[in-house]
Amino acid sequence: MLLYNITIILEEAAANEWLAWTQEAYIPAIMATGKFASNRLLKVVDSPNEGVTYCLQFVLDSEADYESYKLEHAPAMQEELNTRFKNRHVSFQTLMEYVG
């Protein structure tokens, strides 16, 4: 199993808008791709960054599902995020493997 993590750092003024949009539209759209088994949304409590930091975590069964998501869905999802929150966020993605 793999964990696809999206870390996003938002300006404080954009955080509530982003959170509502993420819960109502972004996470459901990602889950609707059928590539992920489950998801979790976390707020970083002790972030060293300015603003508000969240992590979206999605569990995948295989690297093939991840590669398929990256090719077929990720560009449009990233474009929507960048359009809605232009110049108000920084984000990065990480793929992790469960070891224990």
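Residues: numbered from 1 along the sequence shown.
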- request: Sort and list the pairs that fulfil salt bridge (Lys or Arg N to Asp or Glu O under 4.0 Å) and have at least one residue in residues 3-17, not counting sequence neighbours.
  value: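 Qualifying pairs, neighbours excluded: Glu17-Arg88.
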- prompt: Nearest heavy-atom pair of Leu60 and Leu3: which atoms, and what distance?
  reply: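 Shortest heavy-atom contact: CD1-C, 4.4 Å.
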task: Please identify each residue that fulfils side-chain hydrogen bond (donor to acceptor under 3.5 Å, both in side chains) with Thr33, with sequence neighbours left out.
output: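 With sequence neighbours excluded, Thr33 shows a side-chain hydrogen bond (donor to acceptor under 3.5 Å, both in side chains) to no residue whatsoever.
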- prompt: Got a sec, which residues hit side-chain hydrogen bond (donor to acceptor under 3.5 Å, both in side chains) with Ser38, two or more places apart in sequence or on another chain?
  reply: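 By the side-chain hydrogen bond (donor to acceptor under 3.5 Å, both in side chains) rule, Ser38 matches no residue at all.
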For residues 93-100, which side-chain donor-acceptor pairs fall under 3.5 Å, sequence neighbours excluded?
from	atom 1	to	atom 2	distance (Å)
Gln93	NE2	Gln78	OE1	3.2

field: Co-membership, hydrophobic cluster, residues Leu41 and Phe58, 4.5 Å side-chain
entry: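 Same cluster: Leu41 reaches Phe58 through Ile, Leu, Val, Met, Phe, Trp or Tyr contacts under 4.5 Å.
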- prompt: Do Leu81 and Ile6 come within less than 4.5 Å of each other through their side chains, counting heavy atoms only?
  reply: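 The answer is no; the side chains never approach within 4.5 Å.
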Inter-residue atom distance [X].[atom1] - [Y].[atom2], 0.5 Å rounding:
X: Phe92; Y: Asn5; atom1: CZ; atom2: CG; answer: 7.0 Å
X: Ser62; Y: Met1; atom1: OG; atom2: CE; answer: 11.0 Å
X: Thr7; Y: Tyr54; atom1: OG1; atom2: OH; answer: 13.5 Å

Backbone of Ala64 reached by a side-chain donor or acceptor of Ser68 within 3.5 Å: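 No; zero donor-acceptor contacts below 3.5 Å.
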task: Name all residues meeting the side-chain contact (heavy atoms from CB on, under 4.5 Å) criterion together with Asn49; count only those two or more places apart in sequence or in a different chain, and write none if there are none.
output: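 Listed in chain order: Ile9, Ser47, Thr53.
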message: A quick test of your reading: do over 12 heavy atoms of other residues, nucleotides or ligands sit less than 6.0 Å from CG of Asn39?
response: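 Counting other residues, nucleotides and ligands, CG of Asn39 exceeds 12 neighbours.
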task: Assess the pair Tyr4 and Tyr69: is the distance between their ring centroids shorter than 6.0 Å?
output: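 Aromatic pair counts; centres sit under 6.0 Å.
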List the atom pairs, donor and acceptor, that lie under 3.5 Å between side-chain atoms in residues 21-31 and the rest of the protein, sequence neighbours left out.
from	atom 1	to	atom 2	distance (Å)
Thr22	OG1	Trp18	O	2.8
Thr22	OG1	Trp18	NE1	3.2

query: What pairs with Arg40 under salt bridge (Lys or Arg N to Asp or Glu O under 4.0 Å), at least two apart in sequence or on another chain?
result: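 Not a single residue meets the salt bridge (Lys or Arg N to Asp or Glu O under 4.0 Å) criterion with Arg40.
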query: Excluding sequence neighbours, so at least two apart, what forms salt bridge (Lys or Arg N to Asp or Glu O under 4.0 Å) with Lys70?
result: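 Salt bridge (Lys or Arg N to Asp or Glu O under 4.0 Å) check on Lys70 returns Glu67.
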